[in-house]
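Input: a single structure, listed below in structure tokens.
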Amino acid sequence: MSDYTVRALRPDETRTASELFRAALHVPPLKDEDWTYVGRMYQPGRTLGAFDSELIGTARSFDAELTVPGGKRLPVAAVTGVGVRADRTRRGVLSQLMRTQLADFAERGVPLAALYASEGPIYGRFGYGVSTLAHDHEIDPRRVTLRPEVPAGGEIETLGLKAALERLPEIYAGLPHPRPGAMTRPPYWWPAFERHMREEDKPPVTIVHSGPDGVDGFAVYSVQRKSWREPAVLDVIGLHAANDEAFAGLWRYLLSVDLVDVIRAEGRPVDEPTALLCTDYRVVKTTAVTDDLWLRLVDVPAALAAREYEGEPVVLEVADTLLEDNSGRYRVGQDGVSRTEAPAELRLGVDALAMLYLGAWPASALVTAGRVQAADPDAVARADRLFATRPSAWCGTHF
Ligand SMILES: CC(C)(COP(=O)(O)OP(=O)(O)OC[C@H]1O[C@@H](n2cnc3c(N)ncnc32)[C@H](O)[C@@H]1OP(=O)(O)O)[C@@H](O)C(=O)NCCC(=O)NCCS
């Protein structure tokens with residue numbers, strides 16, 4: 001028996017939840033002037049609180065859409081703001097919040113849930129799996145020479161803070177986001193971005209790229225230098241390009257910003273060809289390969305049926321201890337997905353299924369790691385082909 005209760009918070013309780021979450025992340029509470037806009041990121045009815053005599057834990061979510069292989073967009077509950085008061089951890093509070101949240105998503109018919117994890121060991125037990133990967137890059141711009149065939153790019157315009165906050169939601173929505181794992185940015189996402197943009201010690205700069213058909217890309221970056229004796233670091237906070245000209249044009253600009261010693265671009269797609277722009281491939285160093293988006297298939301049959309596949313079918317047996325309706329056998333093929341009584345060829349938990357779903361991991365790698373049990377090698381080869389995706393999965397919308 002738990003000695004606490006979990007319920008949805010009222011709007012007047014969300015600021016306390018924000019303070020609890022920020023304390024769990026070891027950051028100070030928001031100032032009143034920041035809360036006036038940051039408070040808008042709380043979708044009504046979607047912040048849970050755990051209480052004993054007072055609030056001891058919280059988790060929230062907001063609605064967005066996620067691109068799945070083949071290009072369809074599925075509703076996704078974006079989970080964030082998860083924290084438990086330091087004097088109440090490791091007694092099941094998060095587990096109760098997660099169970100309540102998943103039951104709510106299932107009841108509302110949301111097929112997917114997703115999150116960014118502060119630490120690796122937390123969310124697998126709730127059926128989340130690493131579904132997109134990302135590269136962190138470090139570049140010495142003074143050593144970069146672009147190859148002669150790199151597109152010239154179009155016009156670059158810098159936007160002030162006000163213009164950036166006004167225009168970026170529409171610009172982002174207007175760009176194609178074909179990668180599996182790409183997410184829409186609803187109004188509940190933008191206040192956190194605004195908060196980031198208003199951080200006084202590193203004011204970000206927004207650049208917009210225009211080609212013959214108008215705006216087709218943008219990047220946001222900030223430059224920090226602790227003192228004139230230390231290197232200046234340009235952090236690429238975001239970069240989205242609709243085509244090759246925009247990609248090249250944005251990088252041409254970033255690589256030419258004056259008084260910069262190091263460029264850091266974190267959380268980039270693993271197959272993004274930044275290094276291929278340069279005469280010396282090695283100037284773009286990959287300093288880390290990290291987990292990007294964690295996905296949870298809330299409605300396994302609906303999620304499996306929504307994506308496209310290529311190749312011969314395979315029978316999966318999925319185990320889901322939290323949402324038991326998902327458990328069972330599925331025949332998955334390019335002609336469709338159906339429940340089946342046929343013998344299982346691959347057995348896996350719903351967390352491993354999330355790792356397969358967007359194509360971030362081949363089934364064979366999950367078999368090697370013991371995350372998937374296979375009846376025979378032929379089924380593994382078929383699953384490798386069925387779930388593979390190009391371009392590589394990437395979210396790039398942190399929340
Ligand atoms: C992460 C956090 C929310 C966990 O809350 P909690 O109430 O302690 O979690 P629970 O007691 O429900 O833990 C459930 C299980 O997960 C494990 N677990 C929880 N957090 C863990 C962590 N950070 N690392 C490793 N294991 C963890 C617990 O040991 C427990 O395992 P068990 O079932 O085998 O006993 C809490 O520690 C916290 O607020 N951390 C700081 C903020 C943060 O990182 N938030 C997440 C943002 S994405």
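Read the numbers this way: they start at 1 and go in the same order the structure lists the ligands and their atoms.
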Give yes if a backbone or side-chain nitrogen or oxygen of Thr89 is under 3.5 Å from a nitrogen or oxygen of ligand 1, and no if not.
no

Val84, any N or O under 3.5 Å of ligand 1 N or O
yes

Ring centres under 6.0 angstrom apart (Tyr357, Phe387)
no

Enter the distance from Leu255:CG to Arg142:CZ here, rounded to the nearest 0.5 Å.
12.5 Å

Can you tell me if Phe21 contacts ligand 1 (heavy atom of the residue under 4.0 Å from the ligand)?
no

Centre of Tyr42's six-membered ring, under 6.0 Å away, within 45 degrees of the axis: is that where NZ or CZ of Arg46 sits?
no

Consider every N or O of Gly83 and every N or O of ligand 1, then say whether any pair is closer than 3.5 Å.
no

I need the atoms of ligand 1 closer than 4.0 Å to a non-hydrogen atom of Tyr116, numbered in the order shown.
48 (S)

Answer yes or no for Arg125: is there a heavy-atom contact with ligand 1 below 4.0 Å?
yes

Face-on cation placement of Arg198 at Tyr37 ring, 6.0 Å and 45° thresholds:
yes

Could you tell me which atoms of ligand 1, counted from 1 in the order shown, lie closer than 4.0 angstrom to a heavy atom of Glu119?
22 (C), 23 (N)

Contact check: Ser95 vs ligand 1, nitrogen or oxygen atoms, below 3.5 angstrom:
yes

Using a 3.5 Å distance criterion without hydrogens, assess whether the side chain of Ser222 forms a donor-acceptor pair with backbone atoms of Pro203.
no

With a 3.5 Å distance limit and no angle check, can you tell me whether His209 reaches the backbone of Gly154 through a side-chain donor-acceptor pair?
yes

Mind checking whether Val82 has an N or O less than 3.5 Å away from an N or O of ligand 1?
yes

Are Tyr123 and Leu353 joined in one hydrophobic group, where the rule is that I, L, V, M, F, W and Y side chains link up if heavy atoms are under 4.5 Å apart?
yes

Ignoring hydrogens, tell whether any protein atom lies closer than 4.0 Å to atom 40 (N) of ligand 1; use the non-hydrogen atoms only.
no

For the 3.5 Å polar cut-off, considering only N or O atoms, please tell me whether Gly92 and ligand 1 meet it.
yes

Return yes when at least one protein heavy atom is under 4.0 Å from atom 16 (O) of ligand 1, and no when none is.
yes

So, regarding Ser118 and ligand 1 (criterion: nitrogen or oxygen to nitrogen or oxygen, under 3.5 Å), is there a contact or not?
yes

Check: Arg329/Thr340 side-chain N/O donor and acceptor closer than 3.5 Å:
no

